[in-house]
Every structure is written in C-alpha cells, then in structure tokens.
J.: 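Sharing a structure with you now.
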Amino acid sequence: MTLTSQSIFEAGSPQAEHIRSLTYGFILAALAILFLVVGLTIYIVIKFRAKDDTKEPRQTTGNRTLEIGMVGVPLLLVVGFFFWSLNTMSSGMPDHEHQKPDIIITGHQWWWQAVYPGTNATAANEIHLPVGRKILMQLNSADVIHDWWVPALGGKMDMIPGVENYLWVTINKTGIYEGSCSEFCGQQHAWMRIKVVAQAEKDYNKWLIEHTRAANLPTDPLARTGQALFAKASCSNCHRISGTDAMGTEGPDLTHFGSRQTMLTGLMDNTPENINRWLTDPQKVKPGAHMPRFIFGPDSVRALTAYLKQLK
Ligand code: CUA
C-alpha cells in the first residue's frame with residue numbers, strides 16, 4: 001500500500017485539494033506582493049536618488065488614483081481570501097445535522113480509539129476507512145484537548161472533552177495516510193501518530209466483518225498461560241478483548257491487536273520483541289504512558305506476548 005506522508009501538497013481527498021488550492025493562492029499572492037514591494041523600492045531608490053544635494057526635489061501632494069489603489073487592492077485581496085477560506089472550510093465541515101457519523105474517533109492520552117456505529121467493530125490507532133465515499137467523522141476526546149490532523153486528507157479539527165466535532169472526508173485512493181495529534185496534550189503528544197488505512201469498499205467491509213468477531217481463543221499452551229495471566233494481572237480493568245471478560249475502556253481495545261502493523265500509536269512495529277520490551281518496562285519505552293509497570297518475570301512476559309500476538 002502506498003504511504004502518503006504528512007504533506008498538504010499530496011492531497012488525497014477533495015477536502016484536502018481545496019486546502020491545497022487555497023495555500024497555493026496565498027503563496028502566489030504573497031510572492032506577487034513581495035516582488036512588487038521590493039521591485040518598487042529598488043526602482044525608487046535608483047530613480048530618485050539625490051543627484052544634486054543643493055536643490056530640493058520636486059514635491060508632489062495627493063494622488064487620488066494611487067490612494068484608491070493602495071487601499072482598494074489590499075482590501076479586495078483580503079475580502080477575496082476571506083470568502084475563499086470560508087468556501088474551503090465549508091468543504092470539510094458542511095452541515096451534518098440529521099446525519100449519523102460513519103466513524104467516531106476519540107482521542108486519549110496517548111492513543112486513538114475508533115468505533116464504527118452500527119457495528120461492534122473497534123479499532124485503536126490504525127483507523128480503517130473506505131475510499132470513494134463521503135464519510136462523516138465524529139471527533140471527541142476522553143481527557144484533554146487533542147487535535148485530529150491527517151494533512152493529505154483535509155483540515156485539522158480539535159477534539160475537546162464534552163464537545164462533538166465533525167469533519168467530512170472523501171478519500172480518493174487506497175493507501176496509508178499518516179497524521180499526528182496537532183494539539184499539545186502532554187508528555188507523549190509527539191508519539192500520538194495517526195495511521196489511516198484507506199481500503200476499497202470490498203476490502204473495508206471484509207475488515208469490518210472480521211473486526212466485529214470476538215477474539216481468537218488461544219490454542220497453544222504458552223498463549224493460554226498468557227490469557228490466564230492477562231485476567232489475573234488485572235489487564236482487563238483497562239483493556240477490552242471482545243469475547244472474554246476483559247471489558248476495560250481506559251486503554252486501547254486489544255481484540256485484534258495481533259493484526260495491527262504498529263503498536264503504541266506508531267512508536268514501534270508490532271513485533272514480539274517490542275511487545276516484550278513494552279511489557280517488561282512500559283515507562284522506559286513510552287514515559288508518561290498510563291500503562292503501569294506490573295513487574296512481570298521474563299516467562300510471564302513471554303506468555304503474555306504469545307497471547308497478544310495471536311489476537312487477530
Ligand atoms: Cu493528543 Cu497531542
């Protein structure tokens with residue numbers, strides 16, 4: 001899958017294309033003004049430099065046309081850009097009343113939760129969306145102010161506790177789109193990365209169905225030990241694993257954890273070695289994270305890793 005970096009110039013949706021055009025408009029207008037002002041300054045300095053210090057230069061006062069131009073042109077530019085900006089904003093934030101969101105994304109310190117209304121699919125950090133369809137995203141926060149921003153897909157939107165904000169997005173083509181939290185939200189703000197996985201409708205529906213099912217029951221003995229440990233060590237107080245007693249909502253849903261490419265909101269690849277490091281000492285891997293240190297022995301860590309890895 002193609003990876004689109006965090007650039008507004010690689011627009012991957014009509015909403016982002018609007019923003020890109022507006023940005024080009026601003027840059028061109030700013031360059032035109034810069035060259036005009038610098039050009040005129042150089043011209044005036046050369047043309048009207050003192051050739052003879054004894055004589056006072058010719059004095060002129062008042063020039064109606066020039067004055068109207070000096071006020072009128074900047075005014076027209078400001079008014080023009082004002083309406084252009086309003087138009088751009090309304091492309092990503094049109095009326096959404098009477099419409100149910102297609103996805104509800106909640107910012108947490110420091111991870112993303114996505115639920116898909118009408119299904120019991122839940123995703124954490126890797127957010128799957130279909131291409132070619134206008135999607136209404138509802139954006140909330142569970143704790144402090146976060147900000148959703150995937151530059152290639154459109155504008156930013158604050159996620160404010162107690163407030164529901166909305167954004168529309170129509171993704172042009174499949175691929176992975178990167179973004180990040182864009183409002184300082186604490187120690188791990190920089191590691192609150194977004195990964196949007198845009199899929200063709202067919203693949204998306206398949207993913208959705210797969211993710212509504214309960215978690216795999218572990219078959220090998222090591223993973224089974226891990227499952228027992230998971231329950232005993234009170235991991236289930238904070239994490240949910242559908243189909244088991246784990247119903248916590250404080251931390252990411254782990255039902256299909258093994259199918260994710262990255263872990264810890266994009267901090268590292270989802271490999272057994274990394275899960276091992278994380279479980280051994282969470283605060284060393286991601287300081288400030290709300291995951292406490294449980295002081296698991298190496299055997300326990302190995303069992304938990306085996307259990308988590310097979311949750312697909
Ligand atoms: Cu969440 Cu910054």
Side-chain angles (χ1 to χ4, degrees), residues 4-48 60-99 101-103 105 107 129 131-139 141 145-160 163-173 175 177-184 194 196 198:
T4 307
S5 64
Q6 304 187 54
S7 163
I8 60 163
F9 297 107
E10 288 183 55
S13 74
Q15 293 82 4
E17 281 158 14
H18 271 276
I19 294 172
R20 182 175 59 186
S21 309
L22 179 65
T23 308
Y24 280 137
F26 268 119
I27 292 173
L28 284 178
L31 280 178
I33 293 168
L34 177 75
F35 283 118
L36 183 73
V37 170
V38 172
L40 279 176
T41 307
I42 293 169
Y43 171 76
I44 289 163
V45 164
I46 294 169
K47 166 98 181 173
F48 300 104
T60 49
T61 51
N63 183 329
R64 179 75 46 94
T65 323
L66 202 61
E67 280 160 17
I68 290 173
M70 273 161 56
V71 177
V73 173
L75 191 72
L76 275 178
L77 272 172
V78 169
V79 171
F81 275 111
F82 174 72
F83 284 103
W84 194 356
S85 302
L86 281 187
N87 186 270
T88 303
M89 283 164 72
S90 71
S91 80
M93 289 170 267
D95 188 29
H96 58 262
E97 279 176 41
H98 321 298
Q99 290 237 33
D102 299 288
I103 182 168
I105 302 170
L129 289 173
V131 300
R133 174 147 69 87
K134 204 169 172 193
I135 292 159
L136 182 60
M137 300 195 290
Q138 183 188 307
L139 303 165
S141 168
I145 300 177
H146 301 277
D147 188 294
W148 173 266
W149 196 28
V150 182
L153 296 182
K156 323 164 54 157
M157 182 57 80
D158 269 355
M159 305 169 105
I160 301 163
V163 177
E164 284 155 7
N165 281 337
Y166 292 87
L167 263 186
W168 288 99
V169 64
T170 319
I171 307 174
N172 291 342
K173 61 177 175 39
Y177 297 86
E178 289 187 321
S180 51
C181 179
S182 304
E183 181 69 50
F184 182 70
I194 305 170
V196 170

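Computed from a prediction, not measured in an experiment: that's the story for all the values here. For the single chain, residues carry numbers from 1 onward in sequence order.
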J.: Minimum heavy-atom separation for Q15 and S91, please, with both atom names.
T.: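 Answer, listing the atom of Q15 first, then S91: CG-O, 3.5 Å.
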J.: Rounded to the nearest 0.5 Å, what separation is found between the OG1 atom of T65 and the CE atom of M70?
T.: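 Going from the OG1 atom of T65 to the CE atom of M70 covers 12.0 Å.
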J.: Identify the heavy atoms of F81 and G25 that sit nearest to each other, and give their distance.
T.: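 Looks like CZ-O, 3.4 Å.
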J.: For a quick test of reading the model, state the closest non-hydrogen atom pair linking W149 to G154 and the distance between them.
T.: NE1-O, 3.2 Å
J.: Does N165 use its side chain to pair, donor to acceptor, with the backbone of D158 at less than 3.5 Å?
T.: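 At least one qualifying donor-acceptor pair exists.
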J.: Assess whether side-chain contact (heavy atoms from CB on, under 4.5 Å) is satisfied between H146 and L139, documenting all intermediate values.
T.: CA-CA 10 Å; H146 301 277; L139 303 165; over 6 Å; no
J.: Are more than 12 heavy atoms from other residues, nucleotides or ligands located less than 6.0 Å from atom NZ of K173?
T.: no
J.: Nearest 0.5 angstrom please: L28 CG to I33 CD1, how far?
T.: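 With rounding to 0.5 Å, CG (L28) is 11.0 Å from CD1 (I33).
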J.: Does atom CZ (F83) have a neighbourhood of more than 12 heavy atoms from anything else shown, all under 6.0 Å?
T.: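 Counting neighbours around CZ of F83, 12 or fewer heavy atoms of other residues, nucleotides or ligands fall under 6.0 Å, so no.
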J.: For Y177 and I171, what are the C-alpha separation, side-chain angles and deciding distance, and is it a side-chain contact (heavy atoms from CB on, under 4.5 Å)?
T.: CA-CA 10 Å; Y177 297 86; I171 307 174; 3.8 Å; yes
J.: Quick check for you: to the nearest 0.5 Å, what is the distance between L22 atom CG and N87 atom CG?
T.: 9.5 Å
J.: When the ring planes of Y24 and F9 are compared, do they come out parallel, tilted or perpendicular, using 30° and 60° as the limits?
T.: tilted
J.: If you round to the nearest 0.5 Å, how far is CD1 of I103 from CG of L167?
T.: 12.0 Å
J.: Drop me the distance from M159's CE to S182's OG, to the nearest 0.5 angstrom.
T.: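 These two atoms lie 10.5 Å from each other.
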J.: Which atoms form the tightest heavy-atom contact between I8 and T23, and what is the distance?
T.: CD1-OG1, 3.6 Å
J.: Which heavy atom of W168 sits nearest to which heavy atom of Q99, and what is that distance?
T.: CH2-NE2, 3.5 Å
J.: Specify the closest pair of heavy atoms between S13 and T170, including all atoms of both residues, with the distance to one decimal.
T.: CB-O, 2.9 Å
J.: Please report the C-alpha distance between V169 and V150 in whole Å, then the side-chain angles of each, then the deciding distance to 0.1 Å, and finally whether the side-chain contact (heavy atoms from CB on, under 4.5 Å) criterion is met.
T.: CA-CA 10 Å; V169 64; V150 182; over 6 Å; no
J.: Testing I44, V45, L40, V38 one by one against I42 for a side-chain contact (heavy atoms from CB on, under 4.5 Å), which residue passes?
T.: V38
J.: Measuring from I194:CD1 to L153:CG, what's the distance to the nearest 0.5 Å?
T.: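 CG of L153 is found 9.5 Å from CD1 of I194.
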